[in-house]
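Here is the structure we will look at.
We count ligands from 1, going down the list as the structure has it; atoms in each ligand are counted the same way. Please read all numbers here as calculations on a predicted model, not as lab measurements. Positions are given from 1 along the sequence.
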Amino acid sequence: MNLLTLVQAAVVSVTLFSQESLAFPQHVPLAGLAEHEVQSMTPMLKAVIPPSPPGPLKFDGLKLVDDSKHPWMPLKRGDLRGPCPGLNTLASHGYLPRNGVATPSQIITAVQEGFNMENKLAQLTTYFAMIGDGNLITDLVSIGAKTPLTGMDPPPPAIVGGMHNHGTFEGDASLIRGDAFFGDNHSFNQTLFDQFKEFSQKYGNGFYNLTVAAELRFHRIQQGVATNPQFSFFGLRHLTAYAEATFPASLFVDGRKQGRDVGQLDMKSAESFFKDMRFPKGFHRSSSPVVIAGLGDLFAAHPFMPGKNNGTHVDSFVVDDSLGSLLDVCSIYTGFVSSTVRTLYPNPTGVLRRNLELNLQFLFEGLSNFGCNQIFL
Ligand code: HEM
Ligand SMILES: *[C@@H]1O[C@H](CO)[C@@H](O)[C@H](O)[C@H]1NC(C)=O
Ligand SMILES: *[C@@H]1O[C@H](CO)[C@@H](O)[C@H](O)[C@H]1NC(C)=O
Ligand SMILES: *[C@@H]1O[C@H](CO)[C@@H](O)[C@H](O)[C@H]1NC(C)=O
Ligand SMILES: CC(=O)N[C@H]1CO[C@H](CO)[C@@H](O)[C@@H]1O
């Protein structure tokens with residue numbers, strides 16, 4: 001994003017709407033801004049103290065979630081959707097605000113309620129995204145930057161930022177979305193979805209399961225190395241890329257499935273989530289809280305270490321685990337806080353600093369199962 005333009009736009013909007021600070025989009029990320037840029041934006045932001053994240057569900061069993069209180073609705077002008085098919089679906093059913101802008105607490109509540117994602121996993125994932133892509137002063141993050149709607153007149157406004165910022169959480173080698181290098185890092189890509197179906201046919205007898213996930217995950221990495229000179233598979237992305245590949249086999253499978261059908265996602269349901277951002281009709285969430293299962297097996301099937309192509313040439317991949325690797329989740333956390341966060345927020349002061357510290361605390365608490373050493377700013 002062009003930071004200068006953003007700050008100039010901010011200054012113009014404060015001049016034009018001096019009584020209306022909320023005219024300025026409150027979810028614009030602050031990551032990557034210089035101290036003076038944050039300062040010129042701060043008066044336009046409604047500062048809050050971020051609350052502690054919600055705990056586990058009271059009832060965490062099987063439940064119809066495609067219910068009458070949460071009807072699917074098509075996108076309206078200005079609604080934001082992004083690279084996560086899970087969050088997109090939750091927004092289109094009203095488990096998240098339908099405009100796609102939410103607080104971390106709303107996201108944690110929604111992924112638990114709608115998909116039965118386990119509490120600590122939800123907390124960890126959400127705060128990685130919030131710290132990387134959200135507005136820490138207002139406690140808001142957008143699940144994407146731009147609505148994928150086409151053919152609207154006038155075209156929807158392009159708002160910078162949110163979860164399809166490239167390189168913080170969103171990254172290369174996604175299963176059904178292209179790499180940012182190719183110009184579109186967020187839209188559903190039919191060619192890639194056809195490949196998803198082809199792999200599900202070949203390795204899963206028509207269903208996506210963890211065997212398919214291992215093969216497709218590896219194949220998308222190889223495609224990136226071979227076609228994208230800027231291919232980056234590094235730090236947090238090493239963990240998220242493998243973790244996300246397991247989600248369709250766990251979170252997108254109807255919780256009523258039993259026996260051999262558990263962990264097998266049919267292609268009609270897959271298309272409903274990925275393409276239409278919609279629960280299959282009558283969808284029931286998982287019958288128990290979902291943790292990342294099978295991550296070790298997925299990696300072991302085709303171990304691929306973190307690293308990058310060199311920026312100018314394909315097939316120039318060099319291993320680089322200086323920001324950690326999923327072999328040790330704590331190393332990813334340490335790399336994220338001590339390097340990524342310090343680069344994104346070079347000199348946080350005032351409310352930004354207080355809120356960053358609180359968000360880092362919530363992130364760390366999300367890791368409580370891993371026994372990592374806490375890193376402070
Ligand atoms: C807990 C909060 C969550 C956050 C902050 C989050 C965020 C994201 C982001 C930023 C991406 C893009 C990464 C990339 O591929 O470049 C992503 C991908 C993905 N997410 Fe989520 N997500 C969350 C929960 C969920 C849930 C509950 C599900 C499933 C029900 C889910 C399923 C997926 C899948 C399958 C992908 C990979 C898409 C692909 O490879 O094309 N996520 N998520
Ligand atoms: C979808 O992905 C394929 C394979 O990476 C690519 O060739 C194509 O240009 C992409 N399509 C769009 C519409 O971005
Ligand atoms: C995936 O499906 C294939 C074909 O039915 C099967 O051989 C394999 O064991 C399944 N893998 C898992 C993890 O369920
Ligand atoms: C990238 O790698 C290629 C060989 O794979 C090399 O010719 C090129 O000079 C390298 N570029 C940089 C910027 O290191
Ligand atoms: C940095 C990057 O590549 N991000 C791009 C993601 O996709 C949107 C929409 O195409 C672009 O505006 C961003 O520049």
Practice problem: Mark up the atoms of ligand 3 that fall under 4.0 Å of a heavy atom belonging to Y203, in ascending order. | Solution: 1 (C), 2 (O), 3 (C), 4 (C)
Practice problem: Evaluate the criterion side chain to side chain donor-acceptor pair (under 3.5 Å) for residue pair E365 and Q361; output intermediate values, then yes/no. | Solution: CA-CA 6 Å; E365 287 166 7; Q361 178 65 31; 2.9 Å; yes
Quiz item: Are any of the N or O atoms of N205 closer than 3.5 Å to those of ligand 3?
Solution: no
Quiz item: Touching ligand 3 at all, G204? Heavy atoms, strictly under 4.0 Å?
Solution: yes
Self-check item: Test salt bridge (Lys or Arg N to Asp or Glu O under 4.0 Å) applied to R256 - qualifying residues, sequence neighbours left out
Solution: D254
Quiz item: Is F207 in contact with ligand 3, taking contact as a heavy-atom separation below 4.0 Å?
Solution: no
Exercise. Can you establish whether the number of heavy atoms outside Q258 located under 6.0 Å from its atom CD is more than 12?
Key: no
Below 3.5 Å only, please: the N or O atoms of ligand 4 paired with protein N or O atoms, distance on each line.
residue  : atom   : partner : partner atom : Å
ligand 4 : 2 (O)  : N310    : ND2          : 2.3
ligand 4 : 11 (N) : N310    : ND2          : 2.9
ligand 4 : 11 (N) : T312    : OG1          : 3.1
ligand 4 : 14 (O) : N310    : ND2          : 3.4

Self-check item: Contact check: N189 vs ligand 2, nitrogen or oxygen atoms, below 3.5 angstrom
Solution: yes
Quiz item: Quick one: CH2 on W72 to CZ on R278, what's the gap to the nearest 0.5 Å?
Solution: 5.0 Å
Quiz item: With a 3.5 Å cut-off and no angle check, do the side chains of N310 and T312 form a donor-acceptor pair?
Solution: yes
Self-check item: Heavy-atom closest pair, residues R285 and F59
Solution: NH2-O, 2.9 Å
Quiz item: Any donor-acceptor pair under 3.5 Å linking the side chain of D60 with the backbone of L57?
Solution: no
Exercise. Check F273, F115, F279 against H93 for a ring pair (Phe, Tyr, Trp, His ring centres under 6.0 Å) and give me the one that passes.
Key: F279
